Structure formats: structure tokens, C-alpha cells
Amino acid sequence: MADDEKMALEELRSVIARLTAPDGCKWDRVQTPETLTEYVIEESHELVSAIRAHDADEVCEELGDVAFLLLFITHLFEKDGKFTLTDVFKKCAAKMIHRHPHVFAGATFANLEEQLKAWEQLKKEEHENEGRPTGVYDSLPRGLEPLARAYRIHSKAARHGFTWESTEDVEQQVETEWLEYMDAVARQDAGAVSHELGDLLFSIVELGRRHGLKANAELDAANQRFLARFAHIEEGARKAGKELSEMTLGEMDALWNEAKAMEHDAADASTACPTAQKTGADEKD
């Protein structure tokens, strides 16, 4: 770490120490690791949004906000004598070295799939040594959003061989779930409709995973596209001197299609914002 980086880190740590001192900020002084958890989630979402928007200035700011919270939480545990920031960094470094024997210990793997299986086995050994549960899903974060959680469930199941043999099999499963959903709707069975919709979404998440796509991110992108197109409809209404309630569906559809065409033109012309790399490999966790 360069000297200026060390100084910047120490400066932020000193800011936190000052804020939590007896004569510091009243709000910061009463915070606990538990009260800060919601802020970690909120700031992490803002960081993700900035990254997906390819806004480097915003990413820089949001990284700082997340870093502040992580250092704040570490400071609180350090005050209670639980661990220090040095402990955090050393434990993380040791864990990464242990889980990457192909980088640090000369191990070799035939392919990425074998590497990820080894990663799971190393995690299991670590948890056994620490006396922690070692089930496949014991390390699955409880706070994950449902779509992200479903992705992880499929990923871990696939890593242990419990999955469909081919993408075509998954496509057939999605079709089956769709038909079961439609049948439940036709029967007007509210409980079954709810059940089958969940199964359909769960299967679609796996279909996306097979194509290197994360449903959570793709749905977020679809949400943003909808909001941008709807904003174009609202702008069109303002220009026409109308309220949205005064517009016909045909008028709104025309503006919607106009917004879509503008998106396609912008995508064709743009080379400045690279799209996220799609890969069929699951991430480590």
C-alpha cells in the first residue's frame, strides 16, 4: 500500500474515532453494528446502481460510503476488544490464499468447474475446523434478495451434480411450469397460482444461469428500461399539454415504441459504455 493510501485510510479511521468520541456526533456515538446493518445494505445497493450505470464518479463516492460503514463497524468491534482491522485483513488474506491453491500452492485443475468444486471443499474444511455447520446451504446468506438467493441455490446444487443435464431440459421445465401456472389460473385456485408462479420464477432463474445471466441483474435492467420509457411517455404528455389520464393507450404505445427505437439507436452508436461481461461460470461465495 502506497504511503498516500495508508494516510487516507488512517485519516478516515481518525474521522470515525472522532465522531464516536464522547464529545463527537450524538448520532454516531449511539450506533451499534446492528443499527448500521440497514445502512450497509442501502449503501451497497447504491454502489451497485452506480456500477451498473457506468458512472465512475458516483462509484467512487459510493465506495467511500460503503468503506466508511465497514470501518465504522470494525471500529465498534475493536472498541469492545473483539478484533482489530488488522485481524480482518489478515484473516481475509489467509482465507483467499487457502482457497486459491492453484495460484499460491502450485495446484492445478482441469477446468473452472473442478476449481469451483475444490473451492467448496476448502470452505467445508474451514467450517469443520471452526466448528461451524458444513451443509451445502449453511453458508447461504439469509438476507439475499429472492432472485439472487435462487441463483445461488441453483449454482450450489449444480456444483454438487443436482441439476438438469442440459439447457434444453431446463427450457422444458420452464415450459412445464408455465403450463402448470396457466392451469392453476384456469382453475381459479389462488393457492396453486401463487405456488406455480414461484416455481416458474425459480426455473427461469436457472435458465438464465445456464446462459451466464443473473436474473436479479437482468430484472433490474428491465426495470430501468421501463422507467426510462415511461418517463418519455410523461414528457410526451407534457409537450402535448395533457395529463397521462387524458392520453389514449394508442398514444402512450406510440411514445413507448419511440423510446425503444431511441434506445436501439443509442446502443448502436455507443462505444463508450461496455456492457457487463456475460459468463457461464458461477461466482465463488
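Both backbone and side-chain heavy atoms feed into the values below; hydrogens, waters and symmetry mates do not. Quick caveat, the model's predicted, so the values are computed rather than measured.
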(request) Decide side chain to side chain contact (heavy atoms under 4.5 Å, CB included) for His160 and Val136; before the verdict, give the C-alpha distance in whole Å, the side-chain angles of both, and the deciding distance to 0.1 Å. (result) CA-CA 9 Å; His160 288 80; Val136 172; 3.8 Å; yes
(request) Apply the test side chain to side chain donor-acceptor pair (under 3.5 Å) to residues His75 and Thr20: give CA-CA distance (whole Å), side-chain angles for both, the deciding distance (0.1 Å), then the verdict. (result) CA-CA 9 Å; His75 174 78; Thr20 55; 3.1 Å; yes
(request) Could you walk me through whether His154 and Phe202 pass the ring-ring contact (aromatic ring centres under 6.0 Å, His included) test, one step at a time? (result) CA-CA 9 Å; His154 281 299; Phe202 190 73; 4.0 Å; yes
(request) Apply side chain to side chain contact (heavy atoms under 4.5 Å, CB included) to the pair Leu70 and Val66, showing each step before the final yes or no. (result) CA-CA 6 Å; Leu70 298 182; Val66 172; 4.0 Å; yes
(request) Just do the side chain to side chain contact (heavy atoms under 4.5 Å, CB included) check on Thr163 and Val170 with the steps written out, would you? (result) CA-CA 9 Å; Thr163 188; Val170 183; 5.6 Å; no
(message) Assess the residue pair Lys156 and Ser139 against the criterion (side chain to side chain contact (heavy atoms under 4.5 Å, CB included)); give the C-alpha distance rounded to whole Å, side-chain angles, the decisive distance to 0.1 Å, and a yes or no.
(response) CA-CA 11 Å; Lys156 286 178 174 290; Ser139 62; 3.6 Å; yes
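Contact record, Met262 with His232: SD-CE1, 3.6 Å, taken as the closest heavy-atom pair. Between Leu140 and Leu144, the shortest heavy-atom contact is CD1-CD1, 4.3 Å. Scanning all heavy atoms of the two residues, the minimum distance from Phe68 to Leu12 falls at CD1-CD1, 3.8 Å. Of all the heavy atoms in Gln173 and Ser203, the pair that sits closest is CG-OG, 3.8 Å. Across all non-hydrogen atoms, the minimal contact from Glu78 to Leu85 is OE1-N, 4.1 Å. Taking both residues in full, the closest heavy atoms of Asn216 and Leu147 are given as OD1-CB, 3.6 Å, listed atom of the first, atom of the second, then distance.
Counted within 6.0 Å of CD on Glu165, heavy atoms from surrounding residues, nucleotides or ligands total 12 or fewer; the atom is thus considered open.
The shortest side-chain heavy-atom distance between Arg18 and Val15 does not fall under the 4.5 Å cut-off. Using a 4.5 Å heavy-atom cutoff, the side chains of His211 and Thr167 are in contact. Ser44 places a side-chain heavy atom less than 4.5 Å from the side chain of Val40. Side chains of Glu206 and Trp164 form a contact here, defined as non-hydrogen atoms less than 4.5 Å apart. Side-chain contact check for Leu9 versus Leu71: some heavy-atom pair is nearer than 4.5 Å. Looking at His100 and Trp119, their side chains come closer than 4.5 Å, going by heavy atoms from C-beta outward. Leu63 has its side chain within reach of Leu47: a pair of non-hydrogen atoms, C-beta onward, lies under 4.5 Å apart. Side-chain contact between Phe104 and Met96 is absent, with no heavy atoms from C-beta onward closer than 4.5 Å.
Residues passing the side chain to side chain donor-acceptor pair (under 3.5 Å) test with Gln31, sequence neighbours excluded: Thr35.
Classification of the Phe77-Phe83 ring pair by plane angle, with boundaries at 30° and 60°, yields parallel. Below 30°, between 30° and 60°, or above 60°: for His102 and Phe109 the angle between ring planes is above 60°, a perpendicular geometry.
Looking at Arg52 and Asp220, a side-chain N of the basic residue comes within less than 4.0 Å of a carboxylate O on the acidic one, giving a salt bridge. Between Glu126 and Arg99 a salt bridge is recorded (basic side-chain N to carboxylate O distance below 4.0 Å). Checked for salt-bridge contact, Lys124 and Glu120 miss the test: no charged N lies under 4.0 Å from a carboxylate O. The existence of a salt bridge linking Lys260 and Glu263 is excluded, since no basic side-chain nitrogen approaches an acidic carboxylate oxygen closer than 4.0 Å. Between Arg187 and Asp189 a salt bridge is recorded (basic side-chain N to carboxylate O distance below 4.0 Å).
Screening residues 9-30 for ring-ring contact (aromatic ring centres under 6.0 Å, His included), with sequence neighbours left out, gives Trp27-Tyr39.
Ring-centre distance between Tyr181 and His195: not below the 6.0 Å cut-off.
Proximity of a side-chain donor or acceptor of Glu251 to a complementary backbone N or O of Thr248 within less than 3.5 Å is detected.
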